[in-house]
Amino acid sequence: MIGLPTDALPLIRGVQLVISGYSGYSKGKRRETDLAVRQEIIRAIGRVHTHMTNVHDQSYRDGNIKITRACKQTMEEGDQFRNEVDKAETGGDHPLFSKQKTTSKKDLKKLIKHDHDVIEMITKAVNIANSCEHGHSSDGEEAEVIRLARQCQQMLSSCRGFFGARSSLLKGMKRT
């Protein structure tokens, strides 16, 4: 991977475990890498949505409005996040996607670390949603299921805000 900072290799390998073909924004594959990262985030949000839908639907059938409401709020947060990721800026004015210029290794490392952190955060949200569904299906305490649904919503919200900072990161990249 020519042009990539060697100290970013562990981060790249971490993302590669989740996204096959992740190249760490090597020249010529930057748009494809960006798209792969965004598609993986959308897939993970879909997994969260599936878990929360299962809990939501069953709790609604059971007449448990508190759990139903908590799941609905989490699903809405996920839907908003998915829309933002789907419509996120890519290419255009960002020097990272320019064919004529290279990007500094320092800036590439920041973007790779950002991708790694976002993927870790969304994976945590999936795990929390899975725990919420498991807790609900095994007749767990109502308060615990609600706590997990709200924790998942909070993780999605944090991840959403963190992903939103990516646009600023791309705009601030310097050309070398």
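Not measured: the values here are computed from a predicted model. One is the number of the first residue; the rest follow in order along the sequence.
Hydrophobic clustering (ILVMFWY, side-chain heavy atoms < 4.5 Å, transitive): F81 and V126 are in one cluster. Criterion: ILVMFWY side-chain heavy atoms under 4.5 Å apart, direct or through other members. Under it, I128 and F162 are part of a common hydrophobic cluster. Put simply, I67 and V48 are part of two different groups of oily side chains (I, L, V, M, F, W, Y) that touch within less than 4.5 Å, one to the next. Both V118 and L156 are assigned to one and the same hydrophobic cluster, defined by single-linkage of ILVMFWY side chains at heavy-atom distances under 4.5 Å.
Counting only N and O atoms by type, the side chains of S157 and Q153 include no donor and acceptor under 3.5 Å apart. Side chains of Q39 and R43: no donor on one and acceptor on the other come within 3.5 Å. In this structure, a donor-acceptor pair under 3.5 Å is present between the side chains of Q58 and R61.
Atom NZ of K66 sits about 14.0 Å away from atom SG of C71, to the nearest 0.5 Å. Put simply, CD1 on I146 and CG on N64 are 6.0 Å apart, with the number rounded to the nearest 0.5 Å. Here the CD1 atom belonging to I45 is positioned 9.5 Å from the CD atom belonging to E77, to the nearest 0.5 angstrom. Distance CD/Q151 to CZ/R147: 5.0 Å, rounded to 0.5 Å.
Salt bridge absent: K124 and E120 never bring a charged side-chain N and a carboxylate O closer than 4.0 Å. A salt bridge does not link E76 to R69: none of the charged side-chain nitrogens sits closer than 4.0 Å to a carboxylate oxygen.
Closest approach of R166 and D34 over heavy atoms only: NH1-OD1, 2.6 Å. The two residues E84 and F163 make their nearest non-hydrogen contact at O-CE2, 4.4 Å. Here the closest non-hydrogen pair linking M121 and M155 is O-CG, 3.6 Å.
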The test is side-chain contact (heavy atoms from CB on, under 4.5 Å); show your working for C132 and M52 and say whether it passes. CA-CA 8 Å; C132 182; M52 288 292 114; 3.6 Å; yes
